[in-house]
Amino acid sequence: LSPEFYESQKTGEVVSRLTADTTQIKAAFSSTASIALRNLVMLAGTVAMMIYTSPKLAGLSLLAIPLVVLPLVTYGRKVRNLSRLAQDTLAASAAFAQERLSAMSTVQSNVQEQATQTSFAAATELAFGAAARRTLARAVLTAAIIFVALGSIVFLLWYGASEVMAGNLTGGTLTQFLIYAV
């Protein structure tokens with residue numbers, strides 16, 4: 001990066017970004033990439049089998065996808081912003097600690113130990129609060145998606161049961177379809 005960048009950025013924040021952010025990226029790619037590939041293959045196979053088993057129920061279940069994706073996209077942006085804030089506050093806390101530790105003799109000669117401790121506690125508390133808000137937002141998002149997905153399954157079960165009672169579908173076909181839907 002340019003010399004201006006290093007003049008304007010705190011060394012501790014750059015170090016924190018190098019360690020914490022790269023760890024986050026590694027964790028995201030190492031687990032998410034394999035899970036995403038597996039889920040894409042399962043999705044393609046499941047949709048094909050759902051359509052083969054019952055095109056009518058498959059159409060209904062595919063209508064539920066926007067209900068799951070909509071909160072994921074809209075609320076997911078909030079979670080992403082909260083994640084960025086959590087990383088920023090963590091980096092600021094680490095930068096503060098690194099700067100004070102590297103200048104500890106100056107801090108001590110000016111009798112600023114207590115003020116430094118108080119400021120660091122506040123920065124750490126801010127980072128913790130941001131991380132807690134991110135965790136809560138992710139939990140709410142996960143709960144909403146699970147609720148909508150299971151609600152869709154319950155609706156499919158209800159609709160499929162009415163089709164079985166009307167003689168348009170067998171119980172085995174409904175069970176097979178529900179296993180694919182889940």
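Throughout, residue positions are numbered sequentially from 1 according to the sequence presented.
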Same apolar cluster: [X] and [Y], side chain cutoff 4.5 Å:
X	Y	value
Leu156	Tyr52	yes
Met50	Leu157	yes
Leu62	Leu174	no
Tyr159	Val164	yes
Tyr180	Leu43	no

Okay, side chain of Ser152, backbone of Val148: is any donor-acceptor separation there less than 3.5 Å?
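Yes, the answer is positive, given that a donor and an acceptor are paired below the 3.5 Å cut-off.
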Between [X] and [Y], is any pair of side-chain heavy atoms under 4.5 Å apart?
X	Y	result
Val111	Glu113	yes
Thr46	Met49	no
Ile179	Gln176	no

Indicate the ring-plane relationship of Phe155 and Trp158, choosing parallel, tilted or perpendicular according to the 30° and 60° boundaries.
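Ring orientation of Phe155 relative to Trp158: tilted.
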Please report the shortest heavy-atom distance between [X] and [Y], naming the atom on each side.
X	Y	result
Ala127	Thr89	CA-OG1, 3.3 Å
Phe96	Ser119	CZ-CB, 3.3 Å
Ala97	Phe120	CB-CE1, 3.6 Å

Roughly how far, to the nearest 0.5 Å, is [atom2] of [Y] from [atom1] of [X]?
X	Y	atom1	atom2	result
Ile51	Leu57	CD1	CG	12.0 Å
Leu136	Arg138	CG	CZ	12.0 Å
Leu150	Ile145	CG	CD1	11.5 Å
Gln98	Leu101	CD	CG	7.5 Å
Arg133	Phe128	CZ	CZ	10.5 Å
Leu169	Lys56	CG	NZ	9.0 Å

